[in-house]
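The structure appears right after this line, and notes come after that.
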Protein chains: 2
Amino acid sequence: MMGVVETTKQRVRRASKLVAVPKETLPLGQILSGDCVEAMRSLPDASVDLVFADPPYNLQLGGDLNRPDGSHVDAVTDHWDQFDSFAIYDQFTREWLTEAKRILKPDGALWVIGSYHNIYRVGAILQDLGFWILNDIVWRKTNPMPNFRGTRFTNAHETLLWASQGEKAKYHFNYTAMKTLNDELQMRSDWVIPICNGAERLKENGTKAHPTQKPEALLYRVLLATTEKGDVVVDPFFGTGTTGAVAKRLGREWIGCEREDVYRGVAMKRIEKELPLDESALKVMQSKRAAPKVAFGALVEAGFLKPGTEVFDTKRRWVATVRADGSLECGKQTGSIHGLGKELQGAPSCNGWTFWHYEDEGVAKPLDAARQLYLLAVED
Amino acid sequence: MMGVVETTKQRVRRASKLVAVPKETLPLGQILSGDCVEAMRSLPDASVDLVFADPPYNLQLGGDLNRPDGSHVDAVTDHWDQFDSFAIYDQFTREWLTEAKRILKPDGALWVIGSYHNIYRVGAILQDLGFWILNDIVWRKTNPMPNFRGTRFTNAHETLLWASQGEKAKYHFNYTAMKTLNDELQMRSDWVIPICNGAERLKENGTKAHPTQKPEALLYRVLLATTEKGDVVVDPFFGTGTTGAVAKRLGREWIGCEREDVYRGVAMKRIEKELPLDESALKVMQSKRAAPKVAFGALVEAGFLKPGTEVFDTKRRWVATVRADGSLECGKQTGSIHGLGKELQGAPSCNGWTFWHYEDEGVAKPLDAARQLYLLAVED
DNA sequence: TTTAGTAGTGAATCTTACT
DNA sequence: GAGTAAGATTCACTACTAA
């Protein structure tokens, strides 16, 4: 039983409970059809805990693209990703972000995922609307699509923004859960997660049900980090319902918005099959650490071996020079530490790390020694 | 000596050289003092190859507010809020980006580095100004500062934007050098590089000379990837001159802008000590694109492949005969090595050099092998 | 049953030079 | 400027087939 005198704190809590919308009145576990801005307008102010949004990226692709083997790349050419200008895309972004901000509780938070095509528009606009960025998160893909024409760097990541309602706003962060998930080290702002394929990728008649389905591991980490059990999560661009599926699994409530009938159907079927995890299973988590693989070029770049350094095999049959990009030059022949070693010996393969040596204080040391030094230096 | 007839390519190059500003008239190897916008105004249009910028982001995004000129805004007398603060920062960003765009050559490029505090402003504005983002690059720090209070994810990365002058603009990318630097795999958009500390970190009286000194490895990769030897690199926020030091080492020209006397002094001392690498060390692996073109007919002409030789694909689905003019014949079909390969496969395109093989001492070799032999033979 | 090899594919702003 | 031809270009992973 409560004490007779109500403290200020208790009064405030009661008052906020009285004005708060009982979550049972919300369309929990439903996918609202039609435009997401209209759909969100049907939800009351300050009623949900989290908005996770995967809006169209506005890719602006040119013509067709073929792989080196001649096969065709199945690109995202859907009508929903087409915008006539940045101005129109910005307007669209302002509208859905404004509704998202309205329905979020004062201590609620926003997540948005995007690529360089759209994320700078989204980031600037959400700042303009008063959202306060807490982190930007890099999803590092283990298996991205390569750059087939060799024209740029492999686009191997996407960006997520995590923002609170404002500079002074409260928000939720399950610090310990994240630390546990990351082998007792603080979870960093770069997450290594494979793209969604294999059994997880939803298919309809043998082809992918949605061109941009996100991996469940990504949503799992987002929801575990920034929501509590029972929280209400809204996804304005629901697609095939990854957010809903993971929310159900983790004991969170969800509401989706999706314009396309087909996606709504696929998502509902998917989420019905999903089973909530029991408490004990929630505690068993694991993650993979990034492998400490080192490219020879990284040593050159970091100055551990300077361009111009001479390297040689143990019997000094060959002497080569290190070049600026980490390649070796021996007479007219050039190549990587492995490739050139292989060529010169006429061997089927060669481990350049142990084949080539450099002189350090009068002593010949294998390149592998420099690699060890480099690893020691970058580990902390 | 050049041939009598000037090709179109040669004429265009000569013409562009006539209008181009001789780089010797630029203030190469100098640090311009004062505001970077004013400093850049002293440089001619379309005169530099690369702008690398590490702009400040602590002007006002948080507690204190400083004007772009460095003067402090008194919060008591100058009423301001978060929105004013973004507006001031945006204005400052538009000004320096506009000058950067003006001084860049049509095939020049821009790099900007920033964190979530400012990079979304910068990214949106540079797109508004017509820059075309080529990649966003994540600098993943091996040794970031932990989040001491456990309130967010460890902020373990910064973001770089690489942009050309426009959607259709040309730009330079040393694809093969990057691939070599990364152990024969395409360089990705996420770069693992340690933060700048230890011996590399410049100190004045025991304390760090500059709060945000960037690692040389980062600039090394940027300059190696997107400039050629002799190119002119401008850094509008020069600080302690990491860009200048690495540019000098890699045989690139540099111009800095820096407002603070102290930093100019530290940077000049630092760069004077830096030694350029010698010619041979600066060489990088060249892509086939940069190699001189060889017509298949030239190989036939020179006797590297005799007319009548049989050529075939790896699976020997098709066998064709080399004709005297360097065309191929397969049954009733004829064409160039590329055209016939394309026709037979029904493929969108075909590289005849790697598709067709010939037999040499019982071993099937691609036509490309003969091309390599030919190139070695004619080189000297 | 196991292994080796082949085919397929993923949010992609993906060529250049000449006629 | 449009059209054409030469020719340069891929990583990780899954699923299936063949031996």
Side-chain angles (χ1 to χ4, degrees), chain A residues 54-78 80-83 86 113-119 139 141-159 194-201 203 206-208 210-215 237 239, chain B residues 7-12 127 132-136 163-164 166-168 170-171 173 175-176 179 182-189 287-291 293-297 314-315 326 335-342 348-355 367-368 371:
Chain A
D54 181 10
Y57 288 7
N58 186 23
L59 284 185
Q60 308 170 68
L61 302 177
D64 277 4
L65 179 64
N66 294 302
R67 296 187 177 81
D69 66 5
S71 64
H72 184 253
V73 175
D74 184 18
V76 178
T77 52
D78 306 67
W80 48 256
D81 198 49
Q82 310 294 320
F83 294 82
F86 279 138
I113 182 167
S115 66
Y116 68 85
H117 311 86
N118 71 323
I119 200 68
W139 167 27
K141 303 178 185 183
T142 55
N143 47 352
M145 192 183 304
N147 180 296
F148 297 115
R149 309 304 290 266
T151 55
R152 303 180 182 185
F153 298 98
T154 307
N155 192 7
H157 74 276
E158 293 186 26
T159 302
I195 60 174
C196 177
N197 58 13
E200 189 187 324
R201 189 87 193 203
K203 301 275 170 72
T207 60
K208 54 189 176 190
H210 191 284
T212 71
Q213 187 184 339
K214 296 293 176 288
F237 307 96
Chain B
T7 66
T8 306
K9 191 176 165 187
Q10 285 164 346
R11 186 178 48 74
V12 168
Q127 286 181 314
W132 192 251
I133 298 179
L134 297 165
N135 278 116
D136 60 347
S164 69
E167 179 172 1
K168 307 287 181 194
K170 289 205 190 314
Y171 59 91
F173 180 52
Y175 173 74
T176 312
K179 192 169 173 177
N182 194 39
D183 263 2
E184 301 302 323
L185 287 179
Q186 285 191 340
M187 187 69 83
R188 301 168 35 119
S189 57
S287 69
K288 286 239 173 86
R289 268 191 202 112
K293 269 191 192 172
V294 177
F296 181 65
T314 39
K315 293 178 191 165
S336 69
I337 57 171
H338 314 293
L340 184 63
K342 180 177 135 177
S349 69
C350 169
N351 182 349
W353 292 110
T354 50
F355 178 73
L367 296 186
D368 200 41
R371 176 164 62 165

Could you check how far [atom1] of [X] sits from [atom2] of [N], rounded to whole Å?
X	N	atom1	atom2	result
A:D64	C:dT15	CG	P	11 Å
A:N118	C:dA11	CG	C1'	10 Å
B:K315	D:dA18	NZ	C1'	14 Å
B:Q186	D:dA8	CD	P	17 Å
A:D69	D:dT10	CG	P	12 Å
B:K288	C:dT15	NZ	P	18 Å
A:H72	C:dA7	NE2	C1'	18 Å
A:N147	C:dT13	CG	P	7 Å

Aromatic plane relationship, B:W353 with B:F296 - under 30° parallel, 30 to 60° tilted, over 60° perpendicular: perpendicular
Side-chain-base donor-acceptor pair under 3.5 Å for A:R67 and C:dG10: yes
N/O donor-acceptor pair, side chain B:K342 with base D:dA5, under 3.5 angstrom: no
Please confirm whether the shortest side-chain N or O distance from [X] to OP1 or OP2 of [N] is below 4.0 Å.
X	N	answer
A:R149	C:dT15	yes
B:R371	D:dA8	yes
B:K293	D:dA5	no
A:N155	C:dT13	yes
B:S349	D:dA5	no
A:K208	C:dG10	yes
A:R201	C:dA11	yes
B:H338	D:dG7	yes

Report which part of the nucleic acid [X] touches: base, sugar-phosphate, or nothing (heavy-atom distance under 4.0 Å, all strands).
X	value
B:Y175	sugar-phosphate
A:T212	base
B:I133	base

Anti/syn call for C:dT6, syn if |chi| within 90°: anti
Closest to the A:S71 side chain, choosing from C:dA11, C:dT9, C:dT13: C:dT9
First encountered from the 5' end of DNA chain D, between A:F148 and B:R188: A:F148
Short side-chain donor-acceptor distance under 3.5 Å, A:T77 and A:D81: no
Inter-residue atom distance A:K214.NZ - A:E200.CD, 0.5 Å rounding: 12.0 Å
Distance, nearest 0.5 Å, that separates CG of A:N155 from CG of B:L134: 11.5 Å
Side-chain heavy atoms of A:T154 within contact of B:L185, under 4.5 Å: no
First of A:N143 and A:F86 reached from the 5' end of DNA chain C, by closest nucleotide: A:N143
Upstream residue (5' side of DNA chain C) when A:D74 and A:Q60 are each assigned their closest nucleotide: A:D74
Centroid separation A:H117 to B:W132 less than 6.0 Å: no
